[in-house]
Amino acid sequence: MSRLALRVLGAVFVLWAVVTLTFFGTQAIPGDPAEAVLGGPGSRSTAAQLAQIRAQYGFDRPLWVRYLDELRHLAQGDLGVSYALKTPVTTLVGQTIGATLTLAGLSLVVAWAVAVVVAVAATRESRIGAALASLLEITAVAVPHFWLGSMLILVFSVGLGWLPPISTPGVAGLVLPVLSLALPLAGFLGQLMRESFLAALDAPFTLSARARGESETRVRLVHALRHAALPAISLSGWAFGSLISGAVVVEALFARPGLGRTLLSAVLAGDAPVITGVVLVVATVYLVLTVVTEAADRLADPRLRSASGQRAGAPAW
Amino acid sequence: MVGRLRAVRLADVFGVVLLFVLLIAAAAPGLVARRDPYEIEPSAAFQAPSTLHWFGTDESGRDTFSRVVHGTQSSVLIGIAAMAIGLGLAAALGTLSGLGGRLADYAVGRLLEVLFSVPVLLVALLAIAVLGAGVVPSAAAVGIAVAPGYARIVRSQIISARASGYVEAAVVLGRSRGVVLRRHILPNVTARLFALATLGVGQAVVWACSLSFLGLGVVPPNTEWGAMLAAGRPYLTNAWWLTVFPGAFIVFTAVTLTLLGRTLQQRNRER
Amino acid sequence: GGTAADAGDQPRQGGTLVYATGDDEPTCLDPQKGGNVAQALLGTQHLQTLFYQNSSGEILPWLATSWKQAADGLSWTIEIRENVKFSDGTALDADAVKANLDRIASPQTLSNTGRLALAKVASVEVTGPHTVRVDLKQPDGALLESLAQVWLPIESPTAFARGLDTNCLHPVGTGPYMVESWTKQDSVTLVRNPFFTTPPPDVAHTGPAYLDKIVWRFVPDGTSRFAALQSGQVHVIDVVEPQNAVAAKGNPTLRTLIAPRPGEPVELELNTGRAPFDDIRVRQAFFASIDVAGALRSVYLGTVPQSTSLLSSATRFNVPAPRHAYDPAAAAALLDQAGWAGRDADGYRVRDGKRLSVVLPYSRFIPLENGFYEQLQATAKKTGFEVKLQPLETAKWWIANNTWAYDAIPVYYTKNSPDVLRITYTTAALAESTPGSYHANTVHLKSADLDRLLEEASQTSDDARRGSLYQQAQELLGAGSYTLPIYDQQTRLAHQTKVRGLRLQPSLAMPDLYDVWIA
Amino acid sequence: MPQSTTPETVLDVRDLRIGFADADVVSGVSFTLQRGQCLALVGESGSGKSVTARALLGLAGPRSRVRAQRLHVLGQDVLRLSGRALRAMRGRDVGLVLQDALVALDPLRPVGREIAAALRGIPARRRRQRVWELLAAAGVPQPQRRAAQRADELSGGLRQRALIASAIALNPPVLIADEPTTALDTTVQDQILQLLLGLKQAGTGLLLISHDLAVIGRVADTVAVMRDGAIVEHGPARDVLATPTHPYTRQLLAAVPADRPRGTRLSDRPGPPADAVPRPLNDVALLSAAALTKRYALPDGSHHLAVDDVSFTLHRGRTLGLVGESGSGKTTTARIVLGLTRPDTGEVRLDGQPWSTLPESRRRPIRPRIGAIYQDPLGSFDPRMTVEEILADAASLGHSTRPAGYRKEIMGLLDAVGLPAATAGRRPARLSGGQRQRVAIARALAPRPDVLICDEPVSALDVLVQAQILDLLDDLQREFGLGYLFISHDLGVVRHVSDDVAVMTNGRIVEAGPTEQVLTAPSHPYTRRLLAAAPRLAGASARKELLP
Ligand SMILES: Nc1ncnc2c1ncn2[C@@H]1O[C@H](COP(=O)(O)OP(=O)(O)OP(=O)(O)O)[C@@H](O)[C@H]1O
Ligand SMILES: Nc1ncnc2c1ncn2[C@@H]1O[C@H](COP(=O)(O)OP(=O)(O)OP(=O)(O)O)[C@@H](O)[C@H]1O
Ligand SMILES: [Mg+2]
Ligand SMILES: [Mg+2]
């Protein structure tokens, strides 16, 4: 019980810190917020207009007052109203978060699927095969999302005309964005899994499984795979974060509405409430996810459940 | 086992050779590519790869090959700078939490959780928004953004080193905290970090070039690969070479550094 | 303007058209607030103006039926068309028009373009159920042209009552389509206006539009946008990149529709308010050291003609500027004269220890390719200019512009009248509403003669007189080499051949989907 | 060996050769095994025992080359069997109990499942029942409960038994047990051996692999001594163990410390003349522990009393042996004595001066007086340092790791522990287990300590290497008059090295006194059990004449 309370407290602290950092971060962005409200410095806004906005939004109050004010509002679940779009941030986020979570979620799943296949197919026997696999993985990791995305568009939309290059409500519109997000991650997870998978195949317990007469498939799927998955599972929270990063790029490329795009335009327009809102939401999602990941971790690795608490009993291989 | 080791050795050689090529390109691009990467020639725009222009020419008739080669410097520099910043912060935080006692450790732990909960590119975007675009800001932004990840690793490394048998042995021999830290903990941790760093540089380059794509990256006419990649992408269909070659070099670098990092890690493990 | 409609087969009723725009997503769909191209593109589909300007530049009545200018030119009487309803059922009458003009003028509305256009309006009086009188502070020859811009549309006053922000989401007008919904960052959906009764004067068909629906998508990335067109996912795209325009020409299922916009072309303006460009010789040298033709040929693959005048070819009274030539030798000579004889280690010109360097901030939203700036930088270096390129995002660019933090700066100004010169070159245009806020006179020009010419031109409605005044003004500006015109900013559309009847509204060369049907 | 193989023959191996990438690791091994018989493979580490065993199941390892004139299991030629047939054979015809049971079971799955996996052909519903039977048969108490636990939740002994249970699941006619008792407490070891004997009597052909001759002496009918991949001596256990013909076998036997009076040499390494330094008889109390207790808080909130009212005295030049089964609190005690763990109550004094109560800053200067050797020497070396750097650091009392100034000391130390000067430049990771332990000892000696705390210093070593290390420690003690606190779970070893012993269980010392007294006339039942369980070599008398 008290552990739960502690966890919640920790989460609250993290969110507070995130808000604080973002708040002062946005303050540091050059440019006059009042002008941002009036449609950017490009607007031919008059002194009177600016003054009026400053008063209306309270930009003229001292920094710390606004900070506390911000905290109060956030505490009440009020993310404020976008300077540029004049819509409540909650609405903006509400409209876009689904799309982004779907994108990131699916990408995570696909990445996992690919990584698992790569891992299970791995062998020590053919060194060329291994080298090739690892080269592919490294390459996948090193390919920028937007570049991969453009390539996919070129081939599957323009070339073969199979899939729409810009997002559509349906599943078809998701394929390319998901792929361009998932493949780099798959490369990363693949590396991770393949190594621990091969390690597991060398482990004594797989040998004794074989000695028991268990089939190769059983050895790989029932024994080795689970071990191989462990590190990847613990990293999934982080992976999701990197997917959100990628989403900023991919959403712009495939013209998908989403948190990433919201943030990008907000940053460009110096739209502080939106920036804070999006960052806050993403952080929250991340926190939730870490909890889930830990749960999954414990599920996959009973040792974490046992008294000792960490992978104490883990064999030395 | 034997086989495994062989494979590594092979990769070592490969990696070292690639690294050598990179270093030359970075140190003395003039030797590799004679043409001036900034020399424009509008009449020779969009020429496909040929014996004259190995990697073709861009919309201003500049020689892509020499641009890519000269780009090595700033690109790799960005990667390394970002890495340095990231690891610098990481080392500071990690050391603080690893050695600063319970309180410091708790504080840093939370702080990392905070920074970690905001994805890399989001942090980078904010940083750029504050710092403005350019080589240095890109490096800084990426560095700041990747720092928390590494700080975490540093921290765990230090903690495990602190709990290790050899530290205990040193204590039994009557070594002071300072000596233990200086002589045993830090050297062992940094050794691993170095391996990590090489792995990270490639990723840093990739992040930096994502910034370029978002229009917040390196300033033209700088030959940084990310900028080239972003600038050439609109011409994908009619001038593939403008993206393929810089892209290839980004991957090439990442691969090289990854191989190198792997080797170093292997070394650490074998010890 | 032009039309891409094939004669022959009959227009088909119905269907949904997907339009992918590369322009920014507006922050408000009501062009009365703010007033930029993004808003005009959409506004043209659902809003209409009192007057209409045809391809030859003449003014025709639209929501108005007729107009009369008082002898002193200080007031205009305008008859409003009867039996016109806004799509919310509100009737169009004199009160509605007054409400609109007053609203545009009011600071609360936060109008930029519209407010400036009505700068000379003193008041608007309702003199009859369908008659208004517009009283002016000074005569304004450009008034009707201004009122023919979609930035000064006539919207339902009932709708205004809902407040500024709501009106931004669903402005209500008399246009052929109505705004149905706006999914931020994705699309705006327009549906046919069944009560539509006021087609543009120069269009064949009457009555409601053919299309049931328009999905107006925001697709910032040019490559994706064109890919979407190629793959048939969208019917029309704008802001077609040069290389894609070429590709479209080679594609039998695609057409391009490219036309210049009125106003000032995309141009490079020099800050004469400080060194080095306070010296005309240096300005001339700078221009002479830029290979505009070469750049357009290479970067734009020859898809855009070099602009030859300070007013776009789509603007009335434009006259050729002094021919621009890339001439490094001449540039060098001029710099020597100007005292920038020496060169430093890097080959840049120096004068008493100071390097001849030029700060050039630019931004994506100004339709010049990176390649252009880079070539400019490279050629200028040859003659000894150090050009410091500063790619900035929109907001930062405006800050640079507003705070005079530039020596050379790319700009354009869209307006369907030569009066644009008055807005951007007169001493009055130097006045900043607040220190460090917007000023239209980017070259920092203070010329009494020019002010006189443009002021007079703006007050006369006699075309012959206007013509000669604007000619003098342009010659005066040309002689000063403050501005290097590069190319007419364009509306660059590409569309499927099965999209018929796509045309541009001449006033601002905005695409007009009223006539469009899908074969 | 009879050419013809009777039906009773379950294993028939002729001229087995196993090679990996570069060299042959097994070259020309031949043996046969009959039902109800036990053949033991003895030999030092790396001699090829495990590989041989694995080859019998076609599991010699990836990229291994296995050739043989004959490699028959129950009459079927392993080398010709298809993959499927091989799999069918494993577990059904031959059960393999893998070396180091501690990691031979999947740590993520309940042992019950692991065992059930072996139960092919038995309907799923009957499996659980069968698993419990097997565990019970393997001597696991509360089989139901244990079946649900994972390997790392079980003690070493239980794991070993679970592993055996999974190997005999289909009660195969052949069972291969690879080092089934290594690293187990003597009491547990005894139970395992009983189990194996039981199986043998039940008619299973048993191939036992071990480097512990004492163990073999109890179970094996025939013994094959392996060295460098070849069998050097092969014959009935009685003969081989009593009257070995091959010098290597003699060496092995001589190295067994059990029942060897204090001071007799185990290795052929000549020590200093016994009379060189007389064993000091004066009872100078060098180090004394009084009423030490240490309790650890467990995650579930409860407490664990690791050390409970432990007191003892260590005399200069003498050895106090601390014996007890795993988890009895030996290491914790050692850590307290080393000043690494603070006792909850009680105190350790050095030369009558306070030690465990001192603040670290005050203790640091006198730390050089107490050295330590650990069970895992490798872990106690900084992986970045070479041997000479390690020794320089120790010799210079931490002033420098640069060998330059300390060549003489370093060479002296290396010589003292019998390491060639060449080792100086190498990293411990590249040394053999025995060499590492020597380096550790050298490092411990460098500051010229009065006391050495040795926690299981030889448990991880081969008999031969163990013998050398034990002799070395003895020599050093005589030379420098060191006092040893010698911790081990191996009665034989403790008995051989210590003047006094303390028997520990559940954190308490249940019996202490002069070695011979305690170990010949034990008063406490636990000590008796310990002794009864300890395997001994038959015919101790026979070994007198082995000594050169
Ligand atoms: N898979 C493998 N690849 C390469 N070499 C191996 C492999 N397995 C064993 N060896 C080598 O074969 C030799 C014999 O190994 P084996 O495990 O049989 O020794 P052992 O007698 O069992 O030693 P121990 O008593 O320590 O178990 C060793 O030198 C070992 O390095
Ligand atoms: N840091 C600790 N926290 C909790 N319990 C501990 C800790 N250290 C030791 N213990 C427990 O104290 C008991 C004694 O441990 P110790 O290591 O002293 O036994 P041991 O006799 O050395 O066993 P072994 O022969 O296996 O080394 C064990 O049950 C162990 O689980
Ligand atoms: Mg073995
Ligand atoms: Mg212990």
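When reading the values below, keep in mind they use all heavy atoms of this one structure, side chains included, and skip hydrogens, waters and symmetry mates. All chains are named by letter (A, B, ...) in the order of the sequence lines, taking the proteins before the strands, and each is independently numbered beginning at 1.
- Considering all non-hydrogen atoms of both residues, D:R364 and B:G174 come closest at CG-O, 3.1 Å.
- The two residues D:F381 and B:Y166 come nearest to each other via the heavy atoms C-CB, 3.4 Å.
- Side chains of D:R367 and B:R175 form no contact here, defined as non-hydrogen atoms less than 4.5 Å apart.
- Only the backbone of D:I370 comes within contact range of chain B, with at least one heavy atom under 4.5 Å from a heavy atom of that chain.
- Side-chain contact between D:L340 and B:V172: present, with at least one pair of heavy atoms (C-beta onward) separated by less than 4.5 Å.
- Around the OH atom of D:Y296, the shell of radius 6.0 Å holds more than 12 heavy atoms that belong to other residues, nucleotides or ligands.
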(request) Check the pair B:E168 / D:Y374 against side-chain contact (heavy atoms from CB on, under 4.5 Å), numbers first and verdict last. (result) CA-CA 11 Å; B:E168 190 170 298; D:Y374 311 88; 4.1 Å; yes
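- With sequence neighbours excluded, no residue forms a side chain to side chain donor-acceptor pair (under 3.5 Å) with D:R362.
- Comparing D:L397, D:L378, D:L338, D:D376 by how many heavy-atom pairs each has under 4.5 Å with chain B, the most go to D:L397.
- For the pair B:A169 and D:S380, the tightest heavy-atom approach, listed with the atom from each and the gap, is CB-O, 3.6 Å.
- For the set D:E360, D:R335, D:R363, the entry with the most heavy-atom pairs within less than 4.5 Å of chain B is D:R335.
- Rounded to the nearest 0.5 angstrom, D:D393 CG and B:R183 CZ are separated by 4.5 Å.
- No more than 12 heavy-atom neighbours from other residues, nucleotides or ligands sit within 6.0 angstrom of CZ on D:R402.
- The environment of D:R67 atom CZ is dense: over 12 non-hydrogen atoms of other residues, nucleotides or ligands sit within 6.0 angstrom.
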